[in-house]
Number of protein chains: 2
Amino acid sequence: MERQKVMKNYHHGDLRAALLHSARALLEQQGITALGLRAITRHAGVSSAAAVPHFGNLAGLLSALATVGYEELAAALEPVLEKGPHAAGLVYVRFAIHNPGLFTLMFRSDVIDRGDTALAAASARTSHMLTQLIDNMADHQPQRTRSGTRAAHWGKVHGLAVLAIDGLLDALLSSQGEEMSLEELLDDALR
Amino acid sequence: MERQKVMKNYHHGDLRAALLHSARALLEQQGITALGLRAITRHAGVSSAAAVPHFGNLAGLLSALATVGYEELAAALEPVLEKGPHAAGLVYVRFAIHNPGLFTLMFRSDVIDRGDTALAAASARTSHMLTQLIDNMADHQPQRTRSGTRAAHWGKVHGLAVLAIDGLLDALLSSQGEEMSLEELLDDALR
DNA sequence: GGAGATATCTTATCATTGATAAGTTCGAAT
DNA sequence: ATTCGAACTTATCAATGATAAGATATCTCC
């Protein structure tokens with residue numbers, strides 16, 4: 001029967017997924033600067049215009065990748081929803097550290113298209129999850145607004161994630177003579 | 001004597017400052033995407049290669065601009081050094097909100113050159129100021145490491161700044177029915 | 001199971017970008 | 001006054017994202 005045809009040139013099979021995979025690989029291996037349309041398609045072994053039917057343009061492709069990021073973050077957050085903000089905060093920051101490029105992309109509103117439907121949905125879902133998580137926590141200080149509490153916790157967690165990715169927390173660690181790992185520092189800071 | 005020659009084409013006089021001014025104007029008016037070498041030189045009314053003698057390349061120009069940012073942030077922080085972390089946090093976030101483009105640029109390690117001497121110096125000075133400010137504060141919890149305390153405070157303040165710039169705090173405000181301004185929210189969150 | 005319609009992918013081209021080399025103009029130092 | 005060097009321009013290059021036109025495979029409908 002010979003059905004297992006490789007289908008070389010045309011009709012890749014699942015080029016959409018392949019392009020997202022290539023983009024992610026480039027993103028994590030070479031940084032967000034390497035995320036060009038040509039670099040991505042080259043990595044996937046297709047022509048530079050092959051992404052158009054699936055994503056329209058580069059912003060569309062990156063938006064789809066960021067969408068994956070929001071979904072993965074939500075999925076990572078879900079198991080600790082009942083465990084309170086400390087555990088969830090650690091999960092949030094760990095996700096950022098383990099996927100620095102992807103996490104960075106998720107907040108680069110200048111390269112992704114915030115109007116993208118799927119992206120907006122995934123982003124909103126994750127945000128909703130975060131606020132719910134914060135609201136559910138025990139130590140709600142009555143002296144603070146609910147919004148204030150949300151902003152305070154989300155801000156802290158997000159800031160730690162961003163600073164960790166930028167390597168600025170390592171600088172903080174090495175300057176002080178204290179013997180501790182980044183993980184310990186984060187656990188301490190999130191207390 | 002007619003000394004007030006306009007000196008049109010050659011030897012601008014202070015092109016370095018003029019280019020930084022143009023870059024900053026473009027940055028705040030049209031966003032970080034508009035910060036191209038040609039756009040900046042066009043705005044300043046010079047040729048696209050005029051920036052080379054002063055900055056080498058685009059990264060050099062943007063690094064110099066980011067350096068200005070770190071210096072201004074340090075200058076804004078200085079008057080509140082004795083007032084504790086609450087006031088200083090507000091100053092930090094206000095600086096970010098009033099100079100969103102510049103603040104964003106200061107943490108875009110992919111477009112600026114972290115090896116730039118002046119940038120590294122200004123950045124280190126500001127960081128030093130921040131850690132000193134946090135260390136001086138009264139409510140040092142003994143259960144936390146010094147590094148942990150630094151990370152916690154810097155993280156929170158920085159996260160709030162980043163989220164505010166991205167408009168995500170406004171989203172947080174509007175979702176909740178509470179009647180409060182962004183400034184009030186920040187003041188509350190920094191408590 | 002055959003034919004036309006349709007989506008996918010390629011090739012070719014365009015305007016624009018950052019970098020660079022070579023040439024021009026000005027100021028400064030000897 | 002002349003030379004030297006820095007500042008600036010013009011011209012050119014490779015590379016980018018977008019797009020139009022063409023080729024090919026799959027799908028639908030009869």
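Residue numbers start from 1 in every chain, and the chains themselves are labelled A, B, ... in the order their sequence lines are given, proteins ahead of strands.
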* May I have the step-by-step check of side-chain hydrogen bond (donor to acceptor under 3.5 Å, both in side chains) for B:D188 and A:S147, ending in yes or no? => CA-CA 9 Å; B:D188 193 15; A:S147 297; over 6 Å; no
* Asked: Taking atom OG1 of B:T131 and atom CZ of B:R146, what is their separation to the nearest 0.5 Å?
  -> 9.5 Å
* Structure fact -> Numerically ordered, the residues 16-39 of chain B set in heavy-atom contact under 4.0 Å with DNA chain D is none
* **Shortest side-chain distance from B:A50, nucleotide among D:dT16, C:dC9, D:dC8** => D:dC8
* To do: Quick one: pull up CD1 in A:I134 and CE in A:M129 and give me the separation to the nearest 0.5 Å.
  => 12.5 Å
* **Minimum heavy-atom distance between B:L26 and B:A39, given as atom pair plus value** => CD1-O, 3.5 Å
* Separation of B:R42 atom CZ from D:dT9 atom P, in whole Å? -> 14 Å
* Asked: Can you tell me how far P of C:dA7 sits from CG of A:L15, to the nearest Å?
  -> 17 Å
* Structure fact -> For B:T126 and B:Y70 the tightest heavy-atom approach is OG1-O, 3.0 Å
* B:L58, nearest nucleotide to its side chain (from C:dT11, C:dA19, D:dA18) -> C:dA19
* Asked: Where the side chain of A:D116 meets the backbone of A:S63, is there a donor-acceptor pair that is under 3.5 Å apart?
  -> no
* Asked: Phosphate oxygens OP1/OP2 of D:dA6: is one of them under 4.0 Å from a side-chain N or O of B:H54?
  -> no
* Output the single nucleotide from C:dG18, D:dT19, C:dT11 whose closest atom is nearest the side chain of A:S47. => C:dT11
* Asked: Rounded to the nearest Å, what distance is computed from the CD1 atom of residue B:I40 to the P atom of nucleotide C:dA19?
  -> 11 Å
* To do: Take the protein atom CZ of A:F55 and the nucleotide atom C1' of C:dC9, then report the distance between them rounded to whole Å.
  => 14 Å
